[in-house]
There are 2 protein chains.
Amino acid sequence: MDKKSPIKITLTERDESVTITQWVYQTLRNAVMYGEILPGRVLTIRELAGILDVSPMPVREALRQLAAENALEIQGNRRVMVPKMTAMKFNELCEARIAIESHAAARALPYIDNDRLEQLRSLDSLIDQAQEEDNLSQISILNQNFHRSLYTANPHQVTLPLIESLWLQLGPFMRMATSELEEHYLVDRHNEAMSAIERRDAYALQMAIAADIREGIAFAGTPEMLHTFIENSGH
Amino acid sequence: MDKKSPIKITLTERDESVTITQWVYQTLRNAVMYGEILPGRVLTIRELAGILDVSPMPVREALRQLAAENALEIQGNRRVMVPKMTAMKFNELCEARIAIESHAAARALPYIDNDRLEQLRSLDSLIDQAQEEDNLSQISILNQNFHRSLYTANPHQVTLPLIESLWLQLGPFMRMATSELEEHYLVDRHNEAMSAIERRDAYALQMAIAADIREGIAFAGTPEMLHTFIENSGH
DNA sequence: CTTTATTCTTTGTGATCACAAAAGCATGTA
DNA sequence: TACATGCTTTTGTGATCACAAAGAATAAAG
């Protein structure tokens with residue numbers, strides 16, 4: 001029955017107020033994000049429908065949406081798979097993150113009021129706390145929240161969906177990166193960012209965000225780590 | 001029957017080799033791109049299915065895909081509409097274009113070989129030609145092709161889908177912009193870009209691309225033009 | 001043993017239907 | 001006039017089915 005790797009997807013309780021399609025979408029999105037599905041794995045509608053115990057219809061819609069967000073790849077022969085990663089593509093994704101996110105940060109800066117600043121401070125200290133506790137997955141989540149909170153300060157925000165698409169494509173590697181974070185995190189870039197925000201220094205903020213991204217993914221960029229990853233991608 | 005504006009969508013012959021969903025997707029995408037559907041207009045699956053003379057199913061899928069690409073907006077109450085434009089949002093979209101596209105151009109530069117260079121030159125001269133003939137819609141299309149051809153030189157390209165999403169959101173305004181292009185196009189930025197490419201000067205290329213985008217949309221950014229646009233958006 | 005041809009199975013696509021939620025609409029009340 | 005209330009219609013969601021194309025497996029031929 002299950003030719004390929006059996007696919008173990010973390011299932012969460014479905015909130016009644018949410019449509020089945022939305023639930024399937026979130027479930028699959030998390031599965032991709034957390035690397036639960038190997039790159040290169042071919043996904044079939046009926047198989048996923050069986051695993052998630054829903055009809056094929058919501059799966060169809062969720063897959064199409066994820067494909068549109070570049071989280072999944074539609075092969076010429078109308079088949080869907082998790083895209084494979086390469087060292088070069090990984091590099092491009094990181095550089096794209098830096099370009100877009102530092103831009104988004106600078107564009108958000110004028111809109112940061114006291115409430116937002118307080119929220120960012122709170123997230124910052126939560127990250128420090130999680131870092132002391134070595135709670136790696138928590139760090140990863142809080143870090144994303146920090147970035148998101150920063151960018152969404154801009155009420156005319158248009159880049160966040162693009163940024164989220166990049167996060168989704170980097171997926172498991174963003175987590176991988178944080179797994180060795182402590183050793184290399186010599187400078188707390190978030191504190192730098194906070195200070196730049198308080199001084200209303202757009203350029204310094206961009207530098208801090210760029211450094212934060214670059215340092216957070218530096219190791220994943222090292223040959224060893226990438227190699228293990230690309231190997232899994234290969235087949 | 002038709003409560004709102006009747007929706008006049010340009011229909012093209014459907015190629016047999018293409019799925020109905022893909023054809024519907026392209027048709028609706030063009031309709032949004034060319035401003036055939038007013039912003040704020042609520043779209044219903046069945047209405048579109050009737051207009052396009054297909055079953056509701058392909059329309060459902062196409063709508064979801066376009067929504068994922070930020071071409072359409074899903075309101076809280078599971079309804080789909082063409083997003084309204086505001087002056088601020090328009091500005092954000094333009095600035096985002098500049099940030100991402102100049103980045104994409106710089107990243108593509110090392111990969112531009114002679115074939116690509118020749119292709120760009122050819123497009124450049126076609127644009128000059130269309131400009132002499134005042135063929136505005138042709139200019140708009142060729143201009144997009146020029147940008148696309150430049151960015152896709154990079155074989156590890158990851159930003160093009162994001163850029164296309166921005167183009168889609170700017171949609172009709174990119175055309176609007178070109179309608180007064182001739183008067184303001186004092187400097188041919190494409191020639192500047194070509195020259196930068198030949199000199200392998202990444203910084204100059206970025207500046208040329210940024211200027212090209214900024215000048216191409218400058219008038220749309222003027223109060224008058226935006227006002228007429230936002231008025232239509234308003235209701 | 002390898003390669004080609006044929007059958008059988010799997011899978012995406014698209015159509016149709018049932019249902020519940022949302023929207024529209026008319027009527028009634030302050 | 002403005003706002004609430006009950007009814008009707010519209011609409012998105014999700015399930016099921018038929019079908020053609022793609023894949024996999026088996027058989028036949030070199």
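Just so we're on the same page: letters track the sequence lines, and every chain starts at 1.
- Rounded to whole Å, the distance from CD on B/Gln22 to C1' on C/dG14 is 13 Å.
- Protein atom CD1 of A/Ile45 is 16 Å distant from nucleotide atom C1' of D/dG23, rounded to whole Å.
- Note on A/Thr21: a side-chain N or O is less than 4.0 Å away from OP1 or OP2 of D/dG14.
- Out of C/dT13, D/dT13, C/dT11, the shortest distance to the side chain of A/Arg60 is found at C/dT13.
- Comparing atom distances between the A/Pro56 side chain and each of C/dG14, D/dT13, D/dT16 picks out D/dT16 as nearest.
- If you check D/dG14, D/dG12, C/dA15 against the side chain of B/Ile20, the one that comes closest is C/dA15.
- Without hydrogens or angle criteria, A/Asp113 side chain to A/Arg116 main chain gives a donor-acceptor distance under 3.5 Å.
- Between the CD atom of B/Glu16 and the P atom of C/dG14 there is a distance of 11 Å, rounded to whole Å.
- Comparing C/dG12, D/dA15, D/dG14 by their nearest atom to the side chain of A/Ser55 picks out D/dA15.
- As rounded to whole Å, 19 Å separates atom P of C/dT11 from atom CD1 of A/Ile74.
- Applying the 6.0 Å contact sphere to CG of A/Asp53 captures no more than 12 heavy atoms from other residues, nucleotides or ligands.
- Between B/Leu43 and B/Met57, the one whose closest nucleotide on DNA chain D sits nearer the 5' end is B/Leu43.
- Checking B/Arg46 against B/Pro58, the closest nucleotide of DNA chain C that is more toward the 5' end is the one next to B/Pro58.
- Summarising the geometry, atom CG belonging to A/Leu28 is positioned 5.5 Å from atom CG belonging to A/Leu52; distances are rounded to the nearest 0.5 Å.
- Take the nearest nucleotide of DNA chain D for A/Arg79 and for A/Glu61: the residue whose nucleotide is more 5' is A/Glu61.
- No more than 12 heavy atoms of other residues, nucleotides or ligands lie within 6.0 Å of CD1 in A/Ile74, so this atom counts as exposed by the packing criterion.
- With hydrogens and angles left out, the side chain of A/Arg64 and the base of C/dG12 share no donor-acceptor pair within 3.5 Å.
- Between A/Arg60 and B/Glu61 a salt bridge is recorded (basic side-chain N to carboxylate O distance below 4.0 Å).
- At whole-Å resolution of the value, CD in A/Gln75 and C1' in D/dG23 are 13 Å apart.
- In this structure, CZ of B/Arg14 is placed 13 Å from P of C/dT13, rounded to the nearest angstrom.
- Separating the CE atom of A/Met81 from the P atom of C/dG12 is a distance of 15 Å, rounded to the nearest angstrom.
- The interatomic distance linking A/Leu52 (CG) with D/dG14 (P) rounds to 13 Å, in whole Å.
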